[in-house]
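In what follows, a structure is listed as C-alpha cells, so that the remarks can point back to it.
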Amino acid sequence: VQLQASGGGLVQAGGSLRLSCAASDSTFRSYVMGWFRQPPGKEREFVAGISWSGGSTRYADSVKGRFTISRDNAKNTVDLQMNSLKPEDTAIYYCASGPVIIVTRPDVWNYWGQGTLVTVSS
C-alpha cells in the first residue's frame, strides 16, 4: 500500500492543524495505522495509532488530550487532528501502516508515507 500524507504547515503555538494520510488501495482497511514524527536532529517517535476498525487508539504521553487520530475506511484515509500545538511539536510527521497491533517501535511498521512538515512558532 502507498501512503500520501498532507496538511502540514506553519502555525502559532496554541493553534491547530489537521493532517491527512491517503492510502492507495482498500487493503488499507485491514491495517493498523499510525502517525510518527521526527523532530529536527532527533529520532523518529511514535505519536498515535489506530486499529483497523477504529475501535482502539493509542497515543504518546506527550500528545494525549491534544491530538486525535481517526480513520475513514470508506475513503482509505487516516487523519490526525492536532490542537493546542506547542513549539516542541515541530517535526516532520509520517503516516505508517503494517503491524497487527499498535506498537510504538517504528522498525516494525511496514509502509510509510513521505512525511509532511509541521512547524509551530512560539
Side-chain angles (χ1 to χ4, degrees):
V1 60
Q2 293 182 334
L3 304 173
Q4 180 78 30
S6 62
L10 174 64
V11 63
Q12 288 188 332
S16 299
L17 276 177
R18 188 176 184 89
L19 305 182
S20 186
C21 178
S24 59
D25 59 66
S26 60
T27 57
F28 158 91
R29 300 169 190 173
S30 59
Y31 289 117
V32 165
M33 296 296 298
W35 287 94
F36 287 75
R37 67 186 182 188
Q38 188 162 12
K42 297 184 179 180
E43 294 186 349
R44 194 169 299 189
E45 63 184 23
F46 174 81
V47 175
I50 188 166
S51 63
W52 68 271
S53 68
S56 178
T57 58
R58 183 175 180 180
Y59 296 92
D61 288 343
S62 59
V63 307
K64 278 182 184 176
R66 300 188 299 121
F67 291 11
T68 302
I69 188 170
S70 61
R71 68 189 297 163
D72 186 334
N73 287 341
K75 296 181 179 180
N76 294 345
T77 58
V78 59
D79 291 348
L80 185 68
Q81 177 65 44
M82 305 185 295
N83 299 327
S84 302
L85 282 161
K86 305 174 181 180
E88 51 264 44
D89 294 318
T90 294
I92 299 174
Y93 283 72
Y94 299 89
C95 61
S97 69
V100 176
I101 60 173
I102 302 169
V103 294
T104 61
R105 287 172 47 194
D107 61 316
V108 299
W109 294 69
N110 303 115
Y111 303 101
W112 293 85
Q114 86 288 4
T116 185
L117 178 63
V118 172
T119 304
V120 184
S121 63
S122 57

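- R58 places a side-chain N or O within 3.5 Å of a backbone atom of I102 that can act as its donor or acceptor partner.
- Residues R18 and S70 share a closest heavy-atom pair of NH2-OG, 3.7 Å.
- In this structure, Q114 contributes its side chain and Q4 its backbone to no donor-acceptor pair below 3.5 Å.
- To the nearest 0.5 Å, atom CG of residue D72 and atom OG1 of residue T77 are 4.5 Å apart.
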> Are W109 and V103 close enough, and set up right, to give a side chain to side chain contact (heavy atoms under 4.5 Å, CB included), and what steps lead you there?
Replying inline: CA-CA 8 Å; W109 294 69; V103 294; 3.5 Å; yes
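- Judged purely by atom type and a 3.5 angstrom limit, N73 has no side-chain atom pairing as donor or acceptor with the backbone of S53.
- For the residue pair G55 and S51, the shortest heavy atom distance occurs at N-OG, 3.2 Å.
- Within the 4.5 Å cutoff, no side-chain heavy atoms of P106 are placed close to those of E43.
- At a threshold of 4.0 Å, the pair D61-K64 counts as salt-bridged, since one of the basic side-chain nitrogens sits closer than that to a carboxylate oxygen.
- Taking every heavy atom of both residues into account, R66 and S62 meet most closely at NH2-O, 2.9 Å.
- Interatomic distance, S122 OG to Q12 CD, rounded to the nearest 0.5 Å: 9.5 Å.
- Using a 4.5 Å cut-off between side-chain heavy atoms of Ile, Leu, Val, Met, Phe, Trp and Tyr, with links allowed through other members, F46 and V108 fall into the same hydrophobic cluster.
- The side-chain tip of R44 points at the ring of W112 from less than 6.0 angstrom away and within 45° of straight on.
- Grouped by direct or indirect side-chain proximity (heavy atoms under 4.5 Å, Ile/Leu/Val/Met/Phe/Trp/Tyr only), F28 sits with V1, L3, V11, L17, L19, Y31, M33, W35, V47, I50, Y59, V63, F67, I69, V78, L80, M82, L85, Y93, Y111, V118, V120.
- When all heavy atoms are compared, the tightest approach of S16 to S84 is OG-N, 4.4 Å.
- More than 12 heavy-atom neighbours from other residues, nucleotides or ligands sit within 6.0 angstrom of CD on E88.
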>> Determine whether S20 and K75 satisfy the following criterion, side chain to side chain contact (heavy atoms under 4.5 Å, CB included), listing intermediate values before the conclusion.
In response: CA-CA 11 Å; S20 186; K75 296 181 179 180; over 6 Å; no
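- If you check the side chains of Q81 and N83, you find a donor sitting under 3.5 Å from an acceptor.
- When all heavy atoms of T90 and P40 are compared, the pair lying nearest together is O-CD, 3.7 Å.
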